[in-house]
There are 2 protein chains.
Amino acid sequence: MKISMKGKYAVRLMLDLAEHDFGEPVSLKDIAVRQEISEKYLEQVVSLLNKAGLVRSIRGPQGGYRLVRKPYDYKVGEILRMTESCFAKDGDGEEDASMILWNRIDDAVSSVIDTVTLEDLLTWQNENAYNYSI
Amino acid sequence: MKISMKGKYAVRLMLDLAEHDFGEPVSLKDIAVRQEISEKYLEQVVSLLNKAGLVRSIRGPQGGYRLVRKPYDYKVGEILRMTESCFAKDGDGEEDASMILWNRIDDAVSSVIDTVTLEDLLTWQNENAYNYSI
DNA sequence: ATATAACCTACGGATAAAGTAGGAAATAAA
DNA sequence: TTTATTTCCTACTTTATCCGTAGGTTATAT
């Protein structure tokens, strides 16, 4: 399964916001430095998430972005479907003979991305960090 | 889930070969007409399947293509991974924090496409034709 | 007033999708 | 042996998306 940088960046950005969710907005610059991602490119990614209402932006000094919900209230599917063209809706339902196949693949993917939350990712990340620090 | 034309054509081509598997090779021209796909484009698709050893080609008059195995011996994953860039191997395993997520998506997709066979597609297709003919 | 941020649009190279086009090589049949 | 058929191969177009760069505009906290 090929996942684009855009999709990966979007998830990392949301994860970063979740990890620094202390009331103050988090600037793109900080995220870009921490995640080692071009800030300019991140701008375009976060713009998609902003328009989708997944984050809230605050302009001006000390501004930045914040999550609008709690991490456990974000399914990663919401993030990926906004940013990863593979996971976008197929649109033209052309009643193909293999429709059942495409639907099964859809269902399989959805069963993962519409179940796993941002909080799950945080948990896994920390478990992993713990394992490596032994 | 967005599936490309190339991937869909590849499946339809293999299905067509399975349906006309009577010992004689099936020409691309016939398939192109039946499936209403540009023959020239089909050439390029079938070339991938040929190089992967999924079909056997016979040149010259009365030539064409044949399946090398029985329909139940083809997983659709074999076909799709050759033709659908979404399903290709990701290559660079960059030990991302969300690796667990990508692996789960991978597993979910594989559990479908490495299980469903060409024969399954034929069956579903016929069931569907039956339902519509009532 | 100023510096800090988000916001917006456009541009660039690279890659892939979805074809189109033209010919070369093999081969069965006349 | 010639001919028609069919696969095979390479190159080209057009459109779109990825990944990133660049430059400027607007809002706002200090």
Side-chain angles (χ1 to χ4, degrees), chain A residues 2-10 12-13 17 20 23-33 35-66 80-88 90-92 94, chain B residues 2-13 17 20 23-33 35-66 80-92 94:
Chain A
K2 213 174 130 282
I3 308 291
S4 70
M5 285 299 119
K6 206 198 294 192
K8 291 180 182 178
Y9 289 170
R12 280 162 66 185
L13 186 152
L17 285 182
H20 299 87
E24 318 289 277
V26 182
S27 76
L28 264 199
K29 194 167 140 190
D30 288 355
I31 300 176
V33 168
Q35 302 295 329
E36 297 179 289
I37 302 173
S38 146
E39 185 186 347
K40 276 302 195 179
Y41 190 51
L42 257 195
E43 252 183 44
Q44 294 173 46
V45 175
V46 82
S47 157
L48 297 170
L49 304 173
N50 195 13
K51 279 170 189 156
L54 298 183
V55 300
R56 166 169 227 76
S57 71
I58 298 97
R59 295 171 73 150
Q62 320 314 319
Y65 296 89
R66 297 193 54 196
L80 291 175
R81 279 195 245 268
M82 283 298 141
T83 51
E84 184 63 53
S85 61
C86 261
F87 294 153
D90 202 347
D92 50 327
E94 357 132 10
Chain B
K2 216 174 128 284
I3 308 291
S4 69
M5 284 302 120
K6 206 199 293 191
K8 291 181 181 178
Y9 289 170
V11 170
R12 280 162 66 185
L13 187 153
L17 285 183
H20 300 86
E24 318 288 279
V26 182
S27 77
L28 264 198
K29 193 166 141 191
D30 288 355
I31 300 177
V33 168
Q35 303 294 329
E36 296 179 289
I37 302 173
S38 143
E39 184 185 348
K40 275 303 197 177
Y41 189 48
L42 258 195
E43 253 183 43
Q44 294 173 46
V45 175
V46 81
S47 157
L48 297 170
L49 303 173
N50 195 13
K51 278 170 188 154
L54 298 184
V55 298
R56 165 172 226 76
S57 70
I58 297 97
R59 295 171 73 152
Q62 321 311 323
Y65 296 89
R66 296 194 53 195
L80 289 176
R81 279 195 245 269
M82 282 299 139
T83 52
E84 185 61 54
S85 61
C86 260
F87 294 153
K89 295 273 171 197
D90 201 348
D92 50 327
E94 354 132 14

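Chain letters run A, B, ... following the sequence lines, proteins first, then strands; residues in each count from 1.
With DNA chain C read from its 5' end, the first of the two nearest nucleotides for G60(B) and T83(B) is the one closest to T83(B). Checking Q62(B) against Y41(A), the closest nucleotide of DNA chain D that is more toward the 5' end is the one next to Q62(B).
Expressed to the nearest 0.5 Å, how far CE of M82(A) lies from CG of N50(A) amounts to 12.0 Å. Expressed to the nearest 0.5 Å, how far CG of L28(B) lies from OG of S38(B) amounts to 10.0 Å.
Rounded to whole Å, atom P of dA5(C) lies 14 Å from atom NZ of K40(A). To the nearest angstrom, P of dT21(D) lies 12 Å from CD1 of I37(A). Remark: C1' of dT15(C) and CE of M5(A) are 14 Å apart, rounded to the nearest angstrom. Rounded to an integer number of Å, the gap from L48(B) CG to dA18(C) P is 13 Å. The distance from atom CZ of R56(B) to atom C1' of dC8(D) is 16 Å, rounded to the nearest whole Å. The nearest whole Å value for the distance from the OH atom in Y9(B) to the P atom in dA18(C) is 7 Å. Note: CD (Q44(A)) to P (dG24(D)) measures 17 Å, nearest angstrom. Rounded to whole Å, atom P of dG20(D) lies 15 Å from atom CG of L28(A).
Formation of a donor-acceptor pair under 3.5 Å by the Q35(A) side chain with backbone atoms of L13(A) is not found in this model.
Below the 3.5 angstrom threshold, one finds no donor paired with an acceptor across the side chain of E43(B) and the base of dT6(D). R59(A) contributes a side-chain N or O that forms a donor-acceptor pair with the base of dT26(D) under 3.5 Å.
Here the closest non-hydrogen pair linking K6(A) and L48(A) is CD-CD1, 4.1 Å.
Side-chain nitrogen and oxygen atoms of N50(A) include at least one within less than 4.0 Å of the OP1 or OP2 phosphate oxygen of dC7(C). Phosphate contact (OP1/OP2 of dC9(D), side-chain N/O of S47(B), threshold under 4.0 Å): absent. Side-chain N/O atoms of S27(A) include none lying less than 4.0 angstrom from OP1 or OP2 on dT4(C). Neither OP1 nor OP2 of dC19(D) sits under 4.0 Å from any side-chain N or O of S38(A).
Inter-residue side-chain proximity for I58(B) and Y65(B) is flagged as unmet; no heavy-atom pair is nearer than 4.5 Å.
The residue K6(B) sits close only to the backbone: its heavy atoms come under 4.0 Å of sugar-phosphate atoms, none of a base.
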